[in-house]
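All chains are named by letter (A, B, ...) in the order of the sequence lines, taking the proteins before the strands, and each is independently numbered beginning at 1.
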Amino acid sequence: MQVVGYVPRNSFFHQLDPRIKLLWFIIFTLTALICRTLPVMSLMVICIFLLWIAADVLKEALNFVRRAFILLLIALVTWIVFGAINLDPNGVVLFSIGFLHVENTDIIKALTTTLYIFAMISVFYMIILTTNFSELTRGLSQIGIPFVASFMISLIFQVIPILITEFSTVADAQRSRGLELDQGGLVKRSKSYAAIAFPLLLRCISLGRNMATALHVYQFQAGSPRSTYREYRIRTADLFFCLLMAGYVALSTYIFLYWGR
Amino acid sequence: MSIIQAKGLNYRYKQDGEWAVYNVDLTVENGEIIGLVGSSGCGKSTTAYILSGIIPHYYKYGEIQGSLFIEGRNSLAQDGDFSGSVGIVMQNPDAQLFGFSVEDTIAFGLENIRLGRQEMVQRVNRVIEELNIEHLRTRFTGELSGGQKQVACIASVLALDPKVLILDEPVSSLDPGGRMLVQQTVRRLKELGRTVLVIDHNLEWIAPLLDRVVVMEKGSVIFDGPTAAFLGNSEVIERSGVTPPQVTELYYLLRSTMGELPIFISYQDTRDFLNKKGLLKPGGRQKINPGNGDSAKNQQPAAGPASVTVSNLYHFYGRTAAVSEVNAAFYPGRVTAVVGQNGSGKSTLVKHFNGLLKPTRGTLEVAGLSPASTSIAQMARRVGMVFQNPEQMLFEETVEKEALFGIQAVFGSVSEENRARVLDLLEQFSLREAAEEAPFNLAAGQKQSLAIVSALAVDPEVLILDEPTLGFDRKRKSELVSLIHKLRADGRTVILISHDLSLVAEVADDVLVMNQSRVRAFGPLREVFAMQELFEEIGIPLPQVVRLGLECGCNGVLNLKELISLMDLSNYVQG
C-alpha cells in the first residue's frame, strides 16, 4: 500500500510544524485569490519551485507537473479562446482567426488563470507531499478544526490506497473470467462495469464496517475531547519560515499595488 | 477471581432468528492462553464480540441473554461499556490501523481515552519494548508486511491495557514469515503473563502455546479443557473442524502400535521423545515407498507437451523487478504448487498466464497461445483463475447466473450443452440446490466452490488457484483436496499458489519456490521438499512430517505413513 502522495524526507519543510504548513497553505491561497495578477502568480510559481527544491521533492513534483500539463494546456487554450470572442477596449489585437480576435490582454488573462490553477493545485500537493496524514490530522485539530473532520480527511488518505488495490483485484478477477470493459453497446458496458462496481461496493461496505468496529475497540467517541500524543511547539525554523512568508506577502502586495496587472 | 465469567450466554442477531451463541458458560483465568476453536459459523467470532463488548454495546441489535462478568463487573449492563477490558484484534489488520507510523497507531486508542501525554509516551514505549518492535516504531504502517501489521494491531490494542486480548484468526491471511512473527508475539505475551484468547481453525502454529482449548459447535461449548486433553480426544478434534498439529496425528498412528504414549503437541517435544525411543535414527529404514498414502498423485515424471511454458520471463514494476529470469513448464494432469513469501513474485508470475500482465522481457506459451499478444478474454477460454477472496468476483443475482457468467463473457451466449455442463458442475460441488440463491447468501466455503465452478465453466485447460484455503476449516480443506485430485485426474494443468505446505505436500506433484522475484527451486515435490536449507533461508518452515523425515536422514518424506515406514517399530508391535 502506498500512501497517497506523501514522500518521507528529512527536509526543513517536512519538519515544519503542521500548523505552520497549514498557515502557509492559507497565505498562498489568499494571496492567489486577492492578488491574481500575472506578476504575483509568476512570483508564487517561482516560490513553489524553490520550495520543491528545498523540500527535496522536486522529482515527485515534476512528475505531477507532467501529469497536469495537458489539463493546464487545455485551460490556457480555453481561456484564450473565450477571451478572443469578446473585444477588450484596452487590448491590442495580436492576430485574428475568423470571429476570434486574440488580444494581448487575452494572453495575459489566460496565463494568469493557468498559473493560478497550477499554483492552487501545487500548494495543495505540496502539503500532501510533505505532511503525513497523522500530522495533518493533528495540525488541523490544533488550529481548531473538529477532530471528526480532520480524522475523516486522514481516513481518506488511509482508505484510498486500500480501495485502489481492491479495485485492481476485482477488475483482474472479472477480466480473468472473460469480461471486456470496452466491448459492446451501452447496456453491455453498463453490465460489465456492474461486474466490478457491485463486488467493490460490497467490499467497501465490509471495510467500513470493520473500521467502525475497530474504532469501537479503540474507544473512539466522535465529538468527545481527546488528548494528543505529539505536542507541536513552534521552533526557530518555524519562526524563520514565518518571516519568509511575511516577506513573501509584503513583496506580493507591493507587486500587486505597484507593478500593475 | 476469574477475569471473565460467562454463564448461560445466548445471543441471536435477529429477534426471531436462530441462536448464534447458545448456553455458553466460559471462565477465563489470569495469565491463560486459550484456544477458541470450531468449524466455520460455530459462533466463535460472535462469542469474541460479546466478550469484547462490541455486542451489545456497539452492535445494539439482536437479543442477548445470560450473564457476563468481566473483573466482577456486569459487562452486559446497558450503562456500562467495557470495551477497554477485553481487547480484540481482528482478521484484517488494514481495517484496524489508524495512524501513519506504528507509534501513531499505538497512540490512537490512548488519545481517545484522553491519557496524559507523559503516561501515553510511557505506554507506547512499554508496548514497543514488550513486543520487541522498536525497529517498527517510525515505519509507515502501509509499508509493513502482513505479519508486521498484525503485530502493530496487537500493540495498539495492548496499549489500552486490556485484561484479556482476543486474536481472531490472526494468521489466516499471512504468509509463513508473518505467521512466525505473530507466533513469536503470542509466545512473548505468554512470557509476560498476559491473558490471550486465540480463535483459529489451524492449531499447528499455536498448539504448544495453548493452556486450554474451548471447542464450540452450533453456538455452544462442547469441550473445555487442557490442550493435551483436547488433542488426546480424536472425536472432539473431528467435531471441532480443527487442523491439529501433524505430530498429533502421528501420535494417533503410533499409539495403535506402541500403546499408551504422551500426547504429541510440539514439534520439539515429539522429536525429543522419538529420539529417546530410538525411532528417528539416521541410517534406519531409509527406503520409503513413494506410493504410500500418495495414490492420487501422478507418480510419473512430467512428460509430453507442456500446457504452460515460460522462457526467461522478467516483469518490472517501474524499476523494481517483480519476476526475474523465470524458466518453467507446467504439464497437463499435474498439480504444480507455487510457494514463497508474500512479495516473492508468485502472483505476478501467474498473472502472465492469462494475460493480466504482459512480460517486460521473455516469452510465454499457454495452451498454444501467446498471452502477450492474445486478449485476456480469449485467454479466459484456456486459463481459469480463482482469486483468494471469492467475494471479489461474485456479483450476479443467482448462483446459476454467476456460474454461467464466464461462458456468456467468453462465448457471447450460453448453449444448452454449456448450461448442462455448468449444472453438472454445480451438482458436483453440492451447489445445485442453491442454484437460485443469491451468491452472497452462501457460506464462505460455498462461495469458494462457486468461484471454482465459475472458473471451470468454460472448461479451461489450465486452472490457477490462488490461496484457495484461506480461512478454511478441516472439512472444507479436505473437500478441496478431493477436488484438486479430481482436476488432475481430468487431465487439467493445476497451478496452486499456497502458503499451506501441508496442503502442498498432500496434493502437489511439482513445486516451484520463489524468493525475491526469482525461482529458487523447481522440480518434483519430493526433491524440492528435501531442500531444507533453502526453506530455512527463505523463512518458510517445512511441514512437521517432512522435518521429522529429515531427522531420520531421509529426504522428501511427505506424509505420516511414509514417516512411520522409516521407523523401526518391531520392538513395539503388540500381541
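Looking at A:R138, only its side chain comes within 4.5 Å of chain B, counting heavy atoms on both sides. For A:L179, the parts sitting under 4.5 Å from any heavy atom of chain B are the backbone and the side chain alike. With a threshold of 4.5 angstrom between heavy atoms, A:S224 does not approach chain B through any atom at all. For a residue to count as touching a neighbouring chain, one of its non-hydrogen atoms must lie under 4.5 Å from one of that chain's; by this rule B:E119 does not touch chain A. Heavy atoms closer than 4.5 Å to chain B are found in both the backbone and the side chain of A:E231. For a residue to count as touching a neighbouring chain, one of its non-hydrogen atoms must lie under 4.5 Å from one of that chain's; by this rule A:S154 does not touch chain B. Contacts between A:A197 and chain B at a heavy-atom distance below 4.5 Å are absent for every atom of the residue. When heavy atoms are compared at a cutoff of 4.5 Å, A:R175 approaches chain B by way of both its backbone and its side chain. At a 4.5 Å heavy-atom cutoff, the contact between B:E396 and chain A is made by side-chain atoms alone. Both the backbone and the side chain of B:M393 have a heavy atom closer than 4.5 Å to some heavy atom of chain A.
Closest heavy-atom contact between A:Y218 and B:S156: OH-CB, 3.2 Å. Between B:A377 and A:G178 the shortest heavy-atom distance is CB-O, 3.7 Å. B:A95 and A:A214 make their closest contact through O-CB, 3.4 Å (heavy atoms, listed as atom of the first residue, atom of the second, distance). Closest approach of A:A212 to B:Y58, counting heavy atoms only: CB-OH, 2.9 Å.
For the pair B:N354 (side chain) and A:S176 (backbone), a donor-acceptor distance under 3.5 Å is absent. Looking at A:Y229, its side chain never comes within 3.5 Å of a backbone N or O of B:L110 through a donor-acceptor pair. When atom types are taken as modelled, the side chain of B:E391 and the backbone of A:P199 share no donor-acceptor pair closer than 3.5 angstrom. No donor-acceptor distance shorter than 3.5 angstrom exists from the side chain of A:Q219 to the backbone of B:L160, with no hydrogens or angles considered. Judged purely by atom type and a 3.5 angstrom limit, A:S227 uses its side chain to pair as donor or acceptor with the backbone of B:L115.
Residue A:F147 holds its CZ atom at 6.5 Å from CD of B:E111, rounded to the nearest 0.5 Å. Rounding to the nearest 0.5 Å gives a distance of 9.5 Å between CG of B:N389 and OG1 of A:T169. Atom-to-atom distance recorded for B:I376:CD1 and A:Q174:CD is 12.5 Å, nearest 0.5 angstrom.
In this model, a donor atom of one side chain and an acceptor atom of the other lie less than 3.5 Å apart for A:R177 and B:S454. In summary, the side chains of B:Y59 and A:T213 do present a donor paired with an acceptor at a separation below 3.5 Å, with no hydrogens or angles considered.
Between A:F133 and B:F98, the ring centre distance reaches or exceeds 6.0 Å. Two rings, from A:Y6 and B:F100, have their centers less than 6.0 Å apart.
Of the residues considered (B:D466, B:V383, B:I464, B:V124), B:V124 shows the highest number of contacts with chain A, using heavy-atom pairs under 4.5 Å. Contact tally against chain A (heavy-atom pairs below 4.5 Å) for B:L394, B:L356, B:N112: the top residue is B:N112. Contact count versus chain B (heavy atoms, under 4.5 Å) is highest, among A:L215, A:L200, A:L207, A:L155, for A:L215. When each of B:F395, B:Y49, B:F440, B:F405 is scored by its heavy-atom pairs under 4.5 Å with chain A, the top score falls to B:F395.
The one candidate from A:I162, A:N210, A:T165 that meets the side-chain contact (heavy atoms from CB on, under 4.5 Å) condition with B:D94 is A:I162.
Atom CD of B:E397 is surrounded by 12 or fewer heavy atoms from other residues, nucleotides or ligands within 6.0 Å. Within a 6.0 Å sphere centred on OH of A:Y193, other residues, nucleotides and ligands contribute 12 heavy atoms or fewer. Within 6.0 Å of the OH atom in B:Y317, the count of heavy atoms belonging to other residues, nucleotides or ligands exceeds 12.
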Can B:Q96 and A:V217 be said to form a side-chain contact (heavy atoms from CB on, under 4.5 Å), step by step?
-> CA-CA 9 Å; B:Q96 210 172 344; A:V217 172; 4.2 Å; yes

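Shown here are the side chain to side chain contact (heavy atoms under 4.5 Å, CB included) partners of B:R381, two or more places apart in sequence or in another chain: B:V410, B:F411.
Using a cut-off of 4.0 Å between Lys/Arg side-chain N and Asp/Glu carboxylate O, A:R230 and B:E103 are scored as salt-bridged.
Aromatic ring orientation, A:F151 versus B:F108: parallel (interplanar angle below 30°, classes split at 30° and 60°).
A heavy-atom distance below 4.5 Å is found between the side chains of A:D172 and B:F387.
Using a 4.5 Å heavy-atom cut-off against chain B, no residue of residues 22-32 of chain A qualifies as contacting.
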